[in-house]
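Okay, structure first, notes after.
Index from 1, following the sequence.
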Amino acid sequence: MPIYEYQCQACAHRFEKLQRVSTEPLLECPACAAPALQKLLSLPGFRLGGQGWYETDFKTGNKKNLASSDSASACAAGGCGAGACAAQD
């Protein structure tokens, strides 16, 4: 569940709230009870960068070879495109 930031327009009270994405935004300030809350935009606490995650990144032992053996068997069965297969190199 994401953490949302809110700020009251009446008393400037600022806080975070853990809520489901489907939950309606809060309206009433917990500090002054005024119906003047505004949901703020904030940066996420992490960033996904690089080329991406791959099927074999977190596998150990013989399980790491599953992706390469699957593609090799697909090539042998004629599953690759017209000469664009990296396994043929």
Side-chain angles (χ1 to χ4, degrees):
M1 281 193 291
I3 298 173
Y4 293 102
E5 286 185 278
Y6 288 92
Q7 184 169 359
C8 179
Q9 299 302 306
C11 70
H13 177 68
R14 194 172 186 164
F15 65 98
E16 296 177 343
K17 180 72 175 173
L18 183 68
Q19 292 180 296
R20 293 178 190 246
V21 175
S22 60
T23 303
E24 292 292 321
L26 300 176
L27 300 174
E28 190 174 298
C29 176
C32 70
L37 281 182
Q38 180 179 5
K39 190 186 276 190
L40 303 175
L41 295 176
S42 58
L43 295 174
F46 69 97
R47 181 177 154 253
L48 299 175
Q51 297 294 321
W53 292 350
Y54 297 94
E55 179 186 0
T56 57
D57 281 353
F58 299 102
K59 293 185 178 179
T60 58
N62 292 336
K63 292 181 182 180
K64 273 197 172 215
N65 298 326
L66 288 178
S68 62
S69 65
D70 288 347
S71 62
S73 62
C75 292
C80 290
C85 181
Q88 291 177 352
D89 294 337

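Residues Cys32 and His13 fail the side-chain proximity criterion, which asks for heavy atoms closer than 4.5 Å. When side chains are defined from C-beta on, Gln7 counts as touching Arg14, because their heavy atoms get closer than 4.5 Å.
Applying the side-chain contact (heavy atoms from CB on, under 4.5 Å) criterion to Leu27, with sequence neighbours excluded, gives no partner residue.
Other residues sharing the hydrophobic cluster of Phe15, ordered by chain and number and joined by side-chain separations under 4.5 Å: Tyr4, Tyr6, Val21, Leu26, Leu37.
Scanning both residues, Ile3 and Glu16, for their nearest heavy atoms gives CG2-CB, 3.7 Å. Taking all atoms of both residues into account, the shortest heavy-atom contact from Gln9 to Gln38 is NE2-OE1, 2.7 Å.
Considering CD of Glu28 and SG of Cys8, their distance stands at 10.0 Å, rounded to 0.5 Å. In this structure, OG on Ser42 lies 4.0 Å from CD on Glu5, to the nearest 0.5 angstrom.
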